[in-house]
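Working notes, beginning with the structure itself.
The figures that follow rest on heavy atoms only: side chains count, while hydrogens, waters and symmetry mates do not. Since we're looking at a predicted model, the values are computed, not measured.
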Amino acid sequence: MVWQPEIEEMKRRRAFAEEMGGEAGIAEQRRRGKLTVRERIDLITDEGSFQEIGKLAGAATYENDKLVHVRPSNMIIGLGEVNGRKAVLTAGDFTVRGGASDGGIGNKGGHAQRMALDWKLPFIRLLDATGGSVKTFEQIGRTYIPTNPVTPGVENLLCQVPVVAAVLGSVAGLPAVDACLAHFNVMVKGTSQVFPGGPPVVKAALGIDISKEDLGDERTQVYGSGVIDNLADTEADAFEMVKRFLSYLPDNVWQMPPRVDSGDDPNRRDEYLLSAVPREKRRVYDAYKIIDAVVDRESFFEITPFYGRSRIVGLARVDGFPVGVMINNPKRIGGSMDVSAGVKVIRFLQLCDTFHLPMIYLADEPGFMVGPEQQRQGIVRAGAKMLCATLRTRMPWITIIIRQLYGVAGQCHDRPSGMFKRVAWPSGHWGSMHISGGVSAAYRRVIAESDDPEAKQAEIEAKLEALSSPFRTAEAFNIEDIIDPRETRPMVSEFVQMAQPMLETQLGPSPTPYMP
């Protein structure tokens, strides 16, 4: 019992850490409808698995050399298990100095980040912090050049292990940027906001009075800008999204994505697919229903569903193997590629290429969105980026043309190298541009000089439409095959199985660095 006094002292200090920001701070956290940081960690990790690091770190108060109290650090870090797999966690504690940097002790965030990088483990950020504070200037007696010891290394982290972020309160400054330094992020409806500077900063800089909700809640960050991928109704819901996202990915880029027993026949032939795409070209269909008929049942997890809505992207499984899935959404601007959809797809392609997921693209691409608004947003440059991002990928890729492929946007479905397969349904049609608009441009003089311009245009269009049969393209071997739509799942299942040995040869970081 020689060291019993020190053991008791250790217990006392750990008890201070468990108090977090004290009763008042915890009560305010609950008033705002938020869980405490320790409740969050218990909820996202497997029971009893969390091993805290740096629990004794804090700002101590002494009287006559005797410890009176320790205000704990407002960041908790450690190792935990998430669905049986180890991960590194950091979690901000808003009850201690509002999560501001002057409430932090040492470089706990940087330590956790290095652990994830060195141990090659997924990295999870639970964000509820305001970032920098001018009170720090008073504490250290000076201002400082804005560098942060946490930031260096994150560019390598994103290329090697899955990084996810859950925004669980008002997040500003560096924590707001941390939310974007991730492969996937989520915020909670009604309680989360994200901004570089909050309402007081906006007031001082621009003279604008604005609430934190109007400035940075889900309306601007999820629906408007796409800064945050997914929206959760509760914190528990957000944690389930994090767990599900991670379930499709390996622990690091040197491992293969985990396969599970889906219990779904890989050779299932869904009769619905035979009638999924209407014969009338202007009629829409349910893109989600097509996805569900192709991938393993109930396996599709959509990413960024409220932004760039003309393209649906997400993770799924085929015969238990994780895959990336894309499909155009005809219910949103006809499924055409606008700037927001391009930004979304580029990030998704990078994600799948980084973590060795085969790509399944159910293509119905009418082309880049036209018009003055998209011109103002820079659709041409966005299209160029989209084309380059597609060509840089290396993962096995299968495209099933379910209706159309037109223009440069239609080119963003394949690569000149790597494992690539392209087939079409009988409903497929394609070209450099749509026949209706193309006839008006290419045959303008012929139409104008005819006795009946409308009839002449219709005549030319009918002649060209007859040439647009997908079977004529197959005759020229410009496409591998035209398939019965019901053959799609069996074909995709075989493709994904064949892709696994090739993916094993690609283990390690991608030649193209991941950019958030």
Side-chain angles (χ1 to χ4, degrees), residues 264-279 281 285-296 300 311-313 316-319 321 323-330 335 337 345 349 352 357-367 390-391 393-407 409-432 467-503:
D264 193 357
D265 182 4
N267 294 313
R268 171 169 52 83
R269 291 163 57 93
D270 198 316
E271 291 294 321
Y272 160 75
L273 292 178
L274 190 58
S275 305
V277 175
R279 187 172 292 273
K281 293 180 179 180
Y285 53 83
D286 189 337
Y288 292 98
K289 196 170 180 180
I290 292 178
I291 292 175
D292 291 340
V294 174
V295 304
D296 293 351
F300 182 62
R311 182 74 68 93
I312 297 167
V313 307
R317 292 185 177 86
V318 172
D319 195 20
F321 293 105
V323 298
V325 179
M326 299 191 299
I327 188 171
N328 299 79
N329 186 1
M337 176 69 68
V345 170
L349 294 180
C352 294
L357 302 179
M359 178 60 65
I360 301 168
Y361 178 26
L362 300 157
D364 180 10
E365 177 58 73
T390 302
L391 294 172
T393 61
R394 60 174 184 163
M395 71 284 203
W397 180 312
I398 182 170
T399 293
I400 301 98
I401 307 171
I402 64 176
R403 184 145 71 175
Q404 59 188 328
L405 280 180
Y406 283 99
Q411 295 181 36
C412 299
H413 75 279
D414 71 345
R415 293 84 43 84
S417 61
M419 184 183 285
F420 171 70
K421 185 177 182 67
R422 177 176 58 203
V423 299
W425 288 359
S427 48
H429 54 94
W430 35 72
S432 58
L467 301 176
S468 69
S469 166
F471 296 105
R472 292 201 176 215
T473 305
E475 290 169 6
F477 195 55
N478 192 214
I479 192 165
E480 290 185 32
D481 205 358
I482 310 297
I483 67 169
D484 181 331
R486 294 168 294 188
E487 297 174 2
T488 303
R489 176 172 167 82
M491 175 178 286
V492 167
S493 296
E494 182 182 15
F495 177 84
V496 171
Q497 290 171 8
M498 288 180 59
Q500 301 308 305
M502 182 176 182
L503 288 167

Measuring from atom [atom1] of [X] to atom [atom2] of [Y], what distance do you get when rounded to the nearest 0.5 angstrom?
| X | Y | atom1 | atom2 | result |
| --- | --- | --- | --- | --- |
| K289 | I327 | NZ | CD1 | 13.0 Å |
| N329 | Y288 | CG | OH | 6.0 Å |
| I398 | F495 | CD1 | CZ | 5.5 Å |
| C412 | M326 | SG | CE | 9.0 Å |
| Y285 | I290 | OH | CD1 | 5.0 Å |

Distance-minimising heavy-atom pair for [X] and [Y]:
| X | Y | result |
| --- | --- | --- |
| A276 | W425 | CB-CZ3, 4.5 Å |
| Y272 | D286 | OH-O, 3.8 Å |
| S493 | P266 | OG-O, 2.9 Å |
| M502 | P396 | SD-CG, 4.2 Å |
| M337 | A409 | CB-CB, 4.4 Å |
| L405 | G410 | CD2-O, 3.7 Å |

Side chain [X], main chain [Y], donor-acceptor under 3.5 Å:
| X | Y | result |
| --- | --- | --- |
| T399 | H413 | yes |
| T393 | M395 | no |
| R489 | A293 | no |
| D296 | D319 | yes |

State, yes or no, whether a side-chain contact exists between [X] and [Y] at a heavy-atom distance under 4.5 Å.
| X | Y | value |
| --- | --- | --- |
| T488 | I483 | yes |
| Y361 | I402 | no |
| M491 | I400 | no |
| P366 | P330 | no |
| P278 | R403 | yes |
| L349 | W397 | yes |

Are there more than 12 heavy atoms of other residues, nucleotides or ligands under 6.0 Å from atom CD of E494?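 No.
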Would V294 and V325 count as a side chain to side chain contact (heavy atoms under 4.5 Å, CB included) if you check the C-alpha gap in whole Å, the side-chain angles of each, and the deciding distance to 0.1 Å? CA-CA 10 Å; V294 174; V325 179; over 6 Å; no
Going through the checks in order, is the side chain to side chain contact (heavy atoms under 4.5 Å, CB included) test met by Q404 and K281? CA-CA 9 Å; Q404 59 188 328; K281 293 180 179 180; over 6 Å; no
With side chain to side chain contact (heavy atoms under 4.5 Å, CB included) as the test, would you mind laying out the steps for R269 and D484 before giving the verdict? CA-CA 10 Å; R269 291 163 57 93; D484 181 331; 4.0 Å; yes
